[in-house]
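Everything on this sheet refers to the single structure shown next.
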Amino acid sequence: AMQSGDEDVARKLLLERETIKEKLLKTLKGLSEEKKRLTAMESNVEALETRALEIESLLRRSVGAASVKDASDMNMGLSLEQEDPLLRKFKDLGM
């Protein structure tokens, strides 16, 4: 536009170019901020996954320990192999 001598068109195009340039800079800044947010979120997801695996492991151990304890408790009170102390006393006395 300047080569043809039309200053008004050249000024209009220059202003339009500056407006577009400002929008581009704003968009690039927003993109940079969103990339930072994405990185932080990915890091948080990894931390949550690690913690979930830890909790799952603890739950499995807890359930396993509870099962062993329950089985042990059942053997203490309900086992057929253990002789009743009163019956043993009678047998010892010959009754």
Check whether any side-chain N or O of Ser43 sits under 3.5 Å from a backbone N or O of Thr39 as a donor-acceptor pair, and report yes or no. no
Rounded to the nearest 0.5 Å, what separates atom OG1 in Thr19 from atom CG in Leu14? 9.5 Å
Given the rule in the side chain to side chain contact (heavy atoms under 4.5 Å, CB included) test, do Arg88 and Lys91 qualify, once you have shown the distances and angles that lead to the verdict? CA-CA 5 Å; Arg88 188 175 340 124; Lys91 285 182 182 178; 5.6 Å; no
For the backbone of Lys23 and the side chain of Thr27, can you confirm whether one donor and one acceptor N or O come within less than 3.5 Å of each other? yes
Only pairs at least two apart or in different chains count here, so list each salt bridge (charged side-chain N to carboxylate O under 4.0 Å, His left out) that has a residue in residues 26-42. Glu34-Arg37
Less than 4.0 angstrom from a charged side-chain N to a carboxylate O is my criterion; do Asp8 and Arg11 meet it? yes
CD/Glu16 to CG/Leu13 distance, rounded to the nearest 0.5 angstrom? 6.0 Å
Nearest 0.5 Å, what's the CG-CD1 distance between Leu59 and Ile55? 7.5 Å
With sequence neighbours excluded, tell me which residues meet side chain to side chain contact (heavy atoms under 4.5 Å, CB included) with Arg61. Ser57, Leu58
Separation of Ile20 CD1 from Leu25 CG (nearest 0.5 Å): 12.0 Å
